[in-house]
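Given the structure is predicted, the values throughout are model-derived calculations rather than measurements. Residue numbers run from 1 in the order of the sequence given.
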Amino acid sequence: MSATSPETFGTTRTTRPARSSLPLLRRLLALDAAVTAANAVAYLALSGLLGRLLGVGDGLLLGAGAFLLLYGAGVGLLASRPVPPAPWVRVVVEGNLLWALACAAVLALGVLEPSAAGWVWIPLQAAVVAALAVAQNLALRAVLRGPGRS
């Protein structure tokens, strides 16, 4: 099976993926991995300090940091592929959207009672994650559309 075969790329089309769109998709995945890993390291290394600053429990930050470290590594691995498999890119897009929605939900439902800094940070990082998801989805659609398709 080749890297551009329909089975690998998650489509039944017989055309090759749009090569010009692949670098953008891979860069967006790499950016996602880097931002996620940076958050993970900060949450793990500075959970007490950030917990006090944001008004959330340090245990929550430790758990989120551990999850984000694994998630970021997976996204980084996907970004390193010459042609990231479309089904896995979709998992990343949907995971990012779920993260953004979960952040909004915990604030809207009063699950957390963050400090003023937390009220700024939580929606801000959710917006960044949602923007990455939208950009990744658009790049994936361009790749799947292939050359000469609109």
Side-chain angles (χ1 to χ4, degrees), residues 3-4 6 8-11 13 15-47 49-51 53-112 114-147 149-150:
T4 57
T8 301
F9 217 73
T11 179
R13 292 186 184 138
T15 60
R16 293 184 157 192
R19 291 281 179 201
S20 62
S21 301
L22 281 173
L24 174 61
L25 178 59
R26 292 180 67 223
R27 280 194 301 273
L28 287 167
L29 290 168
L31 176 62
D32 189 351
V35 169
T36 301
N39 268 351
V41 169
Y43 291 170
L44 291 170
L46 304 170
S47 61
L49 175 68
L50 289 175
L53 176 68
L54 300 175
V56 298
D58 57 342
L60 176 66
L61 290 178
L62 285 171
F67 169 77
L68 290 174
L69 192 62
L70 294 172
Y71 186 80
V75 176
L77 181 63
L78 190 58
S80 72
R81 302 284 307 268
V83 180
W88 287 107
V89 175
R90 286 187 187 105
V91 167
V92 169
V93 168
E94 291 168 6
N96 285 344
L97 290 175
L98 283 173
W99 181 271
L101 287 173
C103 289
V106 298
L107 292 177
L109 297 173
V111 174
L112 295 177
S115 65
W119 275 101
V120 171
W121 175 250
I122 295 169
L124 178 64
Q125 62 92 29
V128 169
V129 170
L132 270 171
V134 169
Q136 290 163 342
N137 188 54
L138 291 172
L140 176 62
R141 288 176 61 189
V143 169
L144 291 175
R145 197 170 33 249
R149 299 195 185 242
S150 42

Check your understanding: Is the backbone of Leu68 close enough, under 3.5 Å, to the side chain of Thr36 for a donor and an acceptor to pair up by distance?
Key -> no
Check your understanding: Arg26 side chain to Val83 main-chain N or O, any donor-acceptor pair under 3.5 Å?
Key -> no
Check your understanding: Which distance, rounded to the nearest 0.5 Å, do you find between the CD1 of Ile122 and the CG of Leu54?
Key -> 6.5 Å
Practice item. Heavy atoms only: give me the nearest Leu60-Leu112 pair and the separation to one decimal. Key: CD2-CD2, 3.9 Å
**Study point:** side-chain hydrogen bond (donor to acceptor under 3.5 Å, both in side chains) contacts in which one or both residues fall within residues 53-71, not counting sequence neighbours
**Key:** Tyr71-Asn96
Exercise for review: Report the distance from atom CG of Asn39 to atom CG of Leu69, rounding to the nearest 0.5 Å.
Suggested key: 11.5 Å
**Study point:** Gap separating the CZ atom of Arg81 from the CG atom of Leu22, nearest 0.5 angstrom
**Key:** 12.0 Å
Study note, to complete from the structure: In terms of heavy-atom contacts, Ala64 and Tyr43 come closest through CB-CD1, 4.2 Å
Practice item. Nearest 0.5 Å please: distance from the CD atom of Gln136 over to the CG atom of Asp32. Key: 4.5 Å
**Study point:** Approximate separation, where rounding is to 0.5 Å, of Trp121 CH2 and Ser115 OG
**Key:** 12.5 Å
Revision key, fill the gap. In short, Leu29 meets Ala79 closest at the heavy-atom pair CB-CB, 3.6 Å
Practice item. Carefully, step by step, assess Asn137 and Arg141 under the rule side-chain contact (heavy atoms from CB on, under 4.5 Å). Key: CA-CA 6 Å; Asn137 188 54; Arg141 288 176 61 189; 3.8 Å; yes
